[in-house]
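Working notes, beginning with the structure itself.
Side chains are part of it too, since the values below use all heavy atoms of this structure and drop only hydrogens, waters and symmetry mates. Count residues from 1 along the sequence.
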Amino acid sequence: MPRSLQTMPSWALLLRLLALLRPPGLGEACSCAPAHPQQHVCHSVLVIRAKICSEKVVPASADPADTQKMIQYEIKQIKMFKGFEKVKDIQYIYTPFDSSLCGVKLEANNQKQYLLTGQVLNDGKVFIHLCNYIEPWEDLSFLQRESVNHHYHLNCGCQITTCYTVPCIISAPNECLWTDWLLERKLYGYQAQHYVCMKHVDGTCSWYQGRLPLRKEFVDIIQP
């Protein structure tokens, strides 16, 4: 399950925490736990569609002794899917300047649209990093575009478990097995792009793709 840092009082403190959480020996790497797009939407405070208008490097805090830097992206918000109770219209978003702290590099050309998930800090600033789900809008499937506004939100009671090896075992009735890595050796494959883990009236969950049946590989993968 993706972990979000939703109660941090400032992005300067959040940067320090990200530095502490960085695995030993990976000084130049950002490490994130895998999460299905549905999990990202469910566990993020903010989900928006936006264009990136400009970017500039800013200090992480007003403390002269603090050498940390942030990238401030000026955005044009197109639509908000989640976060209405936290913020209204967003003008800027922030990410670490240091890639080892999971900073995100976006195209600031006022043309490309992105789906952005992130956190809203206590000071009202929006913070994003590489462990959030951030994708060009044009790369999303039709189901993903529809689901960020509907299906994902309605099915946050389901649990999605990443399947790395066979057999994969369902341990709870509200669990769906995510098999993209096992079948395609990539996280955001066919299942992430075209399926929602949907909750039924009896409390169980299963993969759903509109009127189409579940691909046989997703069913067989639970067998040895």
Side-chain angles (χ1 to χ4, degrees), residues 2 4 30 32-56 70-84 86-97 99 102-120 126-156 160 162 176 178-198 207-212 214-215 217-218:
S4 59
C30 169
C32 306
H36 187 276
Q38 180 171 334
Q39 293 172 290
H40 278 293
V41 170
C42 287
H43 295 284
S44 295
V45 171
L46 184 79
V47 182
I48 62 172
R49 176 183 176 185
K51 290 182 180 180
I52 313 300
C53 302
S54 65
E55 65 176 286
K56 70 175 181 178
M70 301 285 289
I71 298 178
Q72 173 188 280
Y73 288 111
E74 182 183 3
I75 72 166
K76 179 181 180 182
Q77 179 179 307
I78 298 171
K79 185 166 184 174
M80 180 177 289
F81 302 103
K82 187 177 180 182
F84 303 97
K86 294 287 185 180
V87 290
K88 299 303 179 186
D89 188 57
I90 302 167
Q91 186 176 2
Y92 300 105
I93 57 176
Y94 298 84
T95 192
F97 177 77
S99 61
C102 301
V104 181
K105 183 62 177 176
L106 303 175
E107 293 185 24
N109 56 15
N110 202 29
Q111 294 181 356
K112 180 173 283 190
Q113 299 180 24
Y114 289 92
L115 175 69
L116 304 170
T117 69
Q119 293 78 42
V120 180
V126 174
F127 185 87
I128 64 171
H129 52 75
L130 281 175
C131 296
N132 297 127
Y133 188 60
I134 298 170
E135 291 288 333
W137 185 259
E138 63 185 13
D139 291 348
L140 300 179
S141 68
F142 175 81
L143 181 135
Q144 287 177 312
R145 297 182 187 189
E146 182 182 65
S147 295
V148 293
N149 197 34
H150 184 65
H151 299 307
Y152 290 159
H153 301 277
L154 295 179
N155 293 283
C156 288
I160 299 175
T162 307
C176 293
W178 181 24
T179 59
D180 277 340
W181 178 256
L182 184 64
L183 297 177
E184 303 182 42
R185 284 295 182 262
K186 63 181 180 180
L187 283 179
Y188 300 129
Y190 191 87
Q191 196 175 16
Q193 294 172 347
H194 300 289
Y195 283 85
V196 176
C197 183
M198 186 164 288
W207 292 113
Y208 177 81
Q209 189 196 29
R211 299 179 181 178
L212 298 181
L214 184 66
R215 280 175 58 188
E217 300 97 305
F218 300 159

Taking atom [atom1] of [X] and atom [atom2] of [Y], what is their separation to the nearest 0.5 Å?
{"X": "Arg49", "Y": "Leu116", "atom1": "CZ", "atom2": "CG", "value": "11.5 Å"}
{"X": "Lys88", "Y": "Ile90", "atom1": "NZ", "atom2": "CD1", "value": "11.0 Å"}
{"X": "Tyr92", "Y": "Glu74", "atom1": "OH", "atom2": "CD", "value": "5.0 Å"}
{"X": "Lys112", "Y": "Glu138", "atom1": "NZ", "atom2": "CD", "value": "5.5 Å"}
{"X": "Ile160", "Y": "Gln38", "atom1": "CD1", "atom2": "CD", "value": "4.0 Å"}
{"X": "Tyr114", "Y": "Asp139", "atom1": "OH", "atom2": "CG", "value": "9.5 Å"}

Review point. Does a sphere of radius 6.0 Å around CZ in Phe142 hold more than 12 heavy atoms from other residues, nucleotides or ligands, not counting ones at 6.0 Å or beyond?
Key: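 At most 12 heavy atoms, drawn from other residues, nucleotides or ligands, come within 6.0 Å of this atom.
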Practice item. List the steps, then state whether side-chain contact (heavy atoms from CB on, under 4.5 Å) holds for Asp180 with Leu187. Key: CA-CA 5 Å; Asp180 277 340; Leu187 283 179; 5.8 Å; no
Contact summary for [X] and [Y], nearest pair of heavy atoms:
{"X": "Trp178", "Y": "Ala192", "result": "NE1-CB, 4.0 Å"}
{"X": "Ser44", "Y": "Thr117", "result": "OG-CB, 3.3 Å"}
{"X": "Trp137", "Y": "Arg145", "result": "O-NH2, 3.1 Å"}

Query raised in the report: With Asn109, which residues qualify under side chain to side chain donor-acceptor pair (under 3.5 Å), at least two apart?
Result: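 Asn109 satisfies side chain to side chain donor-acceptor pair (under 3.5 Å) with Glu107 once adjacent residues are dropped.
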Apply salt bridge (Lys or Arg N to Asp or Glu O under 4.0 Å) to Lys105 and list each qualifying residue two or more places apart in sequence or on a separate chain.
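Testing Lys105 for salt bridge (Lys or Arg N to Asp or Glu O under 4.0 Å), a comparison that skips the adjacent residues, returns Glu55.
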| Of Ile48, Leu115, Val41, which meets side-chain contact (heavy atoms from CB on, under 4.5 Å) against Phe81? |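 It is Leu115, the one option of Ile48, Leu115, Val41 that forms the side-chain contact (heavy atoms from CB on, under 4.5 Å) with Phe81.
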Sole residue of Ile134, Ile93, Asn132 in side-chain contact (heavy atoms from CB on, under 4.5 Å) with Val104 =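 Among Ile134, Ile93, Asn132, the one meeting side-chain contact (heavy atoms from CB on, under 4.5 Å) with Val104 is Ile134.
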For the residue pair [X] and [Y], establish whether any side-chain heavy-atom pair is separated by less than 4.5 Å.
{"X": "Tyr190", "Y": "Gln209", "value": "yes"}
{"X": "Met80", "Y": "Val87", "value": "yes"}
{"X": "Leu46", "Y": "Lys86", "value": "no"}
{"X": "Ser54", "Y": "Tyr73", "value": "no"}

Side chain of Lys82, backbone of Val148: donor and acceptor closer than 3.5 Å?
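It does not hold such a pair.
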key: Backbone of Gln144 reached by a side-chain donor or acceptor of Ser141 within 3.5 Å   =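 A pair under 3.5 Å: yes.
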[X]: side chain to side chain contact (heavy atoms under 4.5 Å, CB included) partners, not counting sequence neighbours:
{"X": "Lys51", "value": "Lys76, Ile78, Asn110, Gln113"}
{"X": "Ser147", "value": "Leu143, His151, Tyr152, Val196"}
{"X": "His150", "value": "Leu154"}

message: If you compare the SG positions of Cys32 and Cys102, is the separation below 2.5 angstrom?
response: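 Their SG atoms do not fall under 2.5 Å; no disulfide, then.
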- When you take the SG atom of each Cys, Cys197 and Cys176, is the space between them under 2.5 Å?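 Answer is yes: Cys176 pairs with Cys197 in a disulfide.
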Stepwise, does the side chain to side chain donor-acceptor pair (under 3.5 Å) test hold for Tyr94 with Gln72? CA-CA 5 Å; Tyr94 298 84; Gln72 173 188 280; 3.0 Å; yes
Exercise. For Tyr133, what residues pass the ring-ring contact (aromatic ring centres under 6.0 Å, His included) criterion, not counting sequence neighbours?
Worked result: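 Partners of Tyr133 by the ring-ring contact (aromatic ring centres under 6.0 Å, His included) criterion, ordered by chain and then number, come out as His40, Tyr188.
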| side-chain contact (heavy atoms from CB on, under 4.5 Å) assessment of Asn149 paired with Lys79 | CA-CA 10 Å; Asn149 197 34; Lys79 185 166 184 174; 3.5 Å; yes
